[in-house]
2 protein chains.
Amino acid sequence: MGIVELQNGYEHLMTTKPRIRRNPEEARSLILTAAGKRLEEHGLRGLNIKDVADDSGIKHGTLLHHFGSAEGMRRALLAKLSEELITDMSNILNSDAAPEIVFVELFRLMSQTGQTKLLAWRALEEDSDTVSKDEIPSMHLIEDIVERVAERIKGKDVNLARNLIFLALSAAVGWGICGPTLMGTLGMTSSQQDQFPAWVGEQLTKLI
Amino acid sequence: MGIVELQNGYEHLMTTKPRIRRNPEEARSLILTAAGKRLEEHGLRGLNIKDVADDSGIKHGTLLHHFGSAEGMRRALLAKLSEELITDMSNILNSDAAPEIVFVELFRLMSQTGQTKLLAWRALEEDSDTVSKDEIPSMHLIEDIVERVAERIKGKDVNLARNLIFLALSAAVGWGICGPTLMGTLGMTSSQQDQFPAWVGEQLTKLI
DNA sequence: CCTCTTATTAACAATGATGTCAATAATATA
DNA sequence: TATATTATTGACATCATTGTTAATAAGAGG
């Protein structure tokens, strides 16, 4: 770094600044990781190519070389985070754990600020075209999960299973998005707040 | 408008452009209404003072005069929308309607894109300091509502009432934020989707 | 060792958003 | 009517963000 910042008149002594040359996947990965951190810590305004590039230790021109445009970078991040979220959800729903545990885990997952911001970001993206279909990973296994839950229900009611899963998911999402705020206005103590996920699990289990 | 756009050399004929002078509240109201529309239709990027001013039929300098800064305008909008949402929620919860109806109404409220974007926006606002406490309208009546629901419960279980209300609210929020997307990946038909709010109402009523 | 590809970089250009300021005019108030 | 207040406006200044380009150098493959 300092090598190139010599006083004027000594340019002939300047050593060319060494370059790190990464392969494309590595560069893209570095950038998207930094971008994800920025989204968590600084919100959407943090997702500009200059700051993301700085955090990744590269120049913003290089970033543009890899993603084409600032929008391109953002869409890539959106796709990556969406995929990760779906994977996490699937893993939880697909586990052998008891229903109550599953619900608590779902709530825990959605409580992470990263997931909250991801969902909020997606909700804010005005035209749904911005998120092209093929960027949303398909969730083949979800049908298996629905059936597995259905098996625990008397009469193997698939629709009931689907509704229950959806209720759990949307409650978890709502909790992640504005749990603390709502809790506050509802006058809940923090211990009541902590118990809420478990309580939901307990109640929903009753509906099975 | 056209009056001032005469050819050069005729400036002496120019009539001074008439000015509309509004009182401050009216001006602020005009601006925030336009801003709200832009948030719905264009997302966060639509909330810049130039576009909002254009939509309100005023100059952006005037907007700055009333709100101090672009951030000031956004915070004012956030406060206004939050207040409206809380009011709407309170009205629904406070109505005499049967529980199932109440739940359906809550879901309908949250399905409006305006509410979705509001919540998403709030979730994205990085530092919670940005939303100062006094901008969130207090919800005194909520305690009354909780008690009224509790009266319908055997044993007047206030905590149960609170939890139920919160479950309904967070499910409605989750539905508003990513209902369609999740529904799609879960393989629900559109008629199943339409029935979901009513189904939730039915189920939650069982828990009373 | 030579050549080709391309990741990387600095410097610059272009655009957009935010904010400042002095002048003006509408309205209230004396 | 005369004066004070302030909402309004255009023109300008500033800053941040995005994008472009030509030159450079790291590494792959011959």
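It should be emphasised that the depicted structure is a prediction, and the values quoted were computed from it without experimental measurement. Chain letters run A, B, ... following the sequence lines, proteins first and then strands; every chain starts at 1. Atom set for the values below is all heavy atoms of this structure, side chains included, hydrogens, waters and symmetry mates excluded.
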Quick tally for nucleotides 14-20 of chain C: nucleotides whose base has a protein heavy atom under 4.0 Å get B, sugar-phosphate-only ones S, the rest -, giving ---SSBB
Starting from [atom2] on [N], measure out to [atom1] on [X] and report it in whole angstrom.
X	N	atom1	atom2	answer
A/R22	D/dA25	CZ	C1'	13 Å
A/K59	D/dA25	NZ	P	16 Å
A/F67	C/dA7	CZ	P	12 Å
A/E26	D/dG27	CD	P	11 Å
A/I20	D/dT24	CD1	C1'	16 Å
A/H65	C/dT5	NE2	C1'	10 Å
A/D54	D/dT17	CG	C1'	13 Å

OP1 or OP2 of C/dT6 sitting under 4.0 Å from any side-chain N/O of A/R21?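 For A/R21, the contact criterion (side-chain N or O under 4.0 Å from OP1 or OP2 of C/dT6) is not met.
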- Message: Taking 4.0 Å as the cut-off, does a side-chain nitrogen or oxygen of B/T62 come that near to OP1 or OP2 on D/dT9?
- Response: yes
Next on the checklist: Determine whether a donor-acceptor pair (N or O, by modelled atom type, separation under 3.5 Å) exists between the side chain of A/R38 and the backbone of A/G46.
Outcome noted: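 Yes.
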Counting N and O atoms only, with roles assigned by atom type, does the side chain of A/S29 sit under 3.5 Å from a partner on the main chain of A/E25, one being a donor and the other an acceptor? no
The side chain to side chain donor-acceptor pair (under 3.5 Å) partners of A/N48 (sequence neighbours excluded) come to A/D51
With B/D194, which residues qualify under side chain to side chain donor-acceptor pair (under 3.5 Å), at least two apart?
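If we apply the side chain to side chain donor-acceptor pair (under 3.5 Å) test to B/D194, skipping adjacent residues, there are no hits.
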| said: Looking at B/E125 and B/R122, is there a salt bridge between them, counting it only when a charged N and a carboxylate O are closer than 4.0 Å? | reply: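 B/E125 and B/R122: not salt-bridged.
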Q | salt_bridge(B/D144, B/R148) N-O dist < 4.0 Å | A | no
